[in-house]
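In this text the structure is predicted, and so the values were computed from the model without any measurement. Numbering of ligands and ligand atoms starts at 1, following listing order.
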Amino acid sequence: MSSSSSTFDPTNDLSKMSSAPRTLREASCADDYDPNSMPVAKARELIRSFLAPMTAIERVHIRSALGRVLAEEVVSPIAVPGHDNSAMDGYAVRFEDLRQDGDTLLRRVGESFAGKPWPGAIAAGECVRIFTGGVMPRGADTVVMQERAVEDTSGVRIAPGAVAKAGQNRRRIHPAELGMIASLGIGEIGVFRKLRVAFFSTGDELKSIGTPLAAGEIYDSNRYTLHGMLTRLDCDVIDMGVIEDVPEKLERAFATAAAAADVVITSGGVSVGEADYVKQLLDKLGEVLFWKIAMKPGRPLAYGKIGGAHFFGLPGNPVSVMVTFYQFVRDALLTLQGQRDVAPLPTFRVALSAPIKKVPGRTEFQRGILTANANGAWSVRTTGDQGSGILSSMSRANCFIILGSDTGNVAAAELVEVQLLEGLV
Ligand code: AMP
Ligand code: MG
């Protein structure tokens, strides 16, 4: 299927690969359309290794900052409450004095007790012994817990990592953060530039809404789910419409999208058969890996770079689009937006109210309905028919029921892993 002599081995230990961001050439072992399936976790890990977070910063009014990723520390020009006080016994220090690569030795210049502040301001290399409720001395912005510092005649020694690691300020802004920032009297903050995401649907059978359908045609729904999911993630979206399965038209669309956006997302055209000519096309324009993921729904997935843009080629089936978006694209977009340590969507375990049939070998993302009984005990059941074209299953669901690759049939009352869709769909 490919002229490349290397074959992709889905059992490759990705942890052996060099650290992020990598080049796709380094992963050329994965550039064949592989006959075996790649586990979900490995695909996710491989994608992550290519991502470099956004660095461009813009200043916005806090009213426009909801959902954005804070690019810089917000420093309070006023004290809220009237003065900062310490929440623990320790040493008041200047965060910037703390070395990450070795011990920091600071000179103790005074003490601050609750109700008995130290009147001075600390300078570089200085610290003040502080007790719970003690007013933070001017110049200090951080308290190192006394357990994390050693004081002797040479001064106060602080090991690296004793306080919050750098970058901890890279947080997404929620309503609580908006209020906190406003309470400091700050009207404008620095956030990372929004990601530009271009997307289009592929398929000769697809029509945009507003056009009558001829025999065999269907309305394009993926562009609308994608539009919604991307808007929820606060991306700038570029909707490029439906592109027919005509190589020249597709080539032009890929090139236009990659030039205009940070990320390009398409749906359809990556299944076996179709993938061959899309692959040839993308080989010309960039470096794209085609994977058959060991999951249901959402088996074919393409990921790579076209020019400077990241590319996700999602399956065509409407449910597969949503599942692969939440399992792969969402994490990647959050990372690219500049958010640090993107946590996977939380899961928890709930009792199944009716049995589920499953064949081991793939991770299944069944659509589930989670309900509480009169006693407040939660249980989950599927939405019924799990066909990957049945978008109403996503609409009716309030969770994914995630059944691991090794799992077979599951009996009623057994615990299953559930991932809430609340706020996502
Ligand atoms: P494909 O991956 O292109 O073979 O598409 C798989 C299935 O999903 C086919 O039944 C397509 O008609 C359907 N499909 C593909 N793209 C869309 C779309 N944008 N909206 C609705 N259905 C689609
Ligand atoms: Mg198609």
Is it the side chain, the backbone, both or neither of L206 that has a heavy atom closer than 4.0 Å to ligand 1?
-> side chain
Can you pull out the closest protein heavy atom to atom 1 (P) of ligand 1? Residue, atom name and distance to 0.1 Å, please.
-> E274 OE1, 3.4 Å
For Y303, which of F312, F290, F311 qualifies under ring pair (Phe, Tyr, Trp, His ring centres under 6.0 Å)?
-> F312
Should F365 and Y326 be marked as a ring-ring contact (aromatic ring centres under 6.0 Å, His included) after you check the CA-CA gap, both sets of side-chain angles, and the distance that decides it?
-> CA-CA 11 Å; F365 296 86; Y326 285 125; over 10 Å; no
Considering heavy atoms of the protein only, find what lies nearest to atom 22 (N) of ligand 1 and give residue, atom and distance to 0.1 Å.
-> I218 CD1, 3.5 Å
Can you pull out the closest protein heavy atom to atom 18 (C) of ligand 1? Residue, atom name and distance to 0.1 Å, please.
-> N222 ND2, 3.1 Å
NZ/NE/NH1/NH2 to OD/OE distance under 4.0 Å, D331 and R48 | yes
Which atoms of ligand 1 sit under 4.0 Å from any heavy atom of S201?
-> 19 (N)
Pick, from G269, S320, G316, the option with the minimum heavy-atom distance to atom 3 (O) of ligand 1.
-> G269
Could you name the option among S271, S221, G216 that has the heavy atom nearest to atom 21 (C) of ligand 1?
-> S221
Return a yes/no value for R223: is any of its N or O atoms, backbone included, closer than 3.5 angstrom to an N or O of ligand 1?
-> no
Between Q337 and Q339, a side-chain donor and acceptor under 3.5 Å | no
Which option, D220, T225, T202, V242, owns the non-hydrogen atom nearest atom 19 (N) of ligand 1?
-> D220
Which residue and heavy atom of the protein sit nearest atom 7 (C) of ligand 1, plus the separation | N317 OD1, 3.4 Å
When you measure from atom 9 (C) of ligand 1 to every protein heavy atom, which one gives the shortest distance, and what is it?
-> E205 OE2, 4.1 Å
Verify the distance criterion only: is there a donor paired with an acceptor across the side chains of R299 and S271 at less than 3.5 Å?
-> no
Ion pair check, K279 and D283, cut-off under 4.0 Å | yes
Can N222 and S201 be counted as having a side-chain donor-acceptor contact under 3.5 angstrom?
-> no
Is any NZ, NE, NH1 or NH2 atom of the basic residue among K194 and D234 found under 4.0 Å from an Asp or Glu carboxylate oxygen of the other?
-> yes
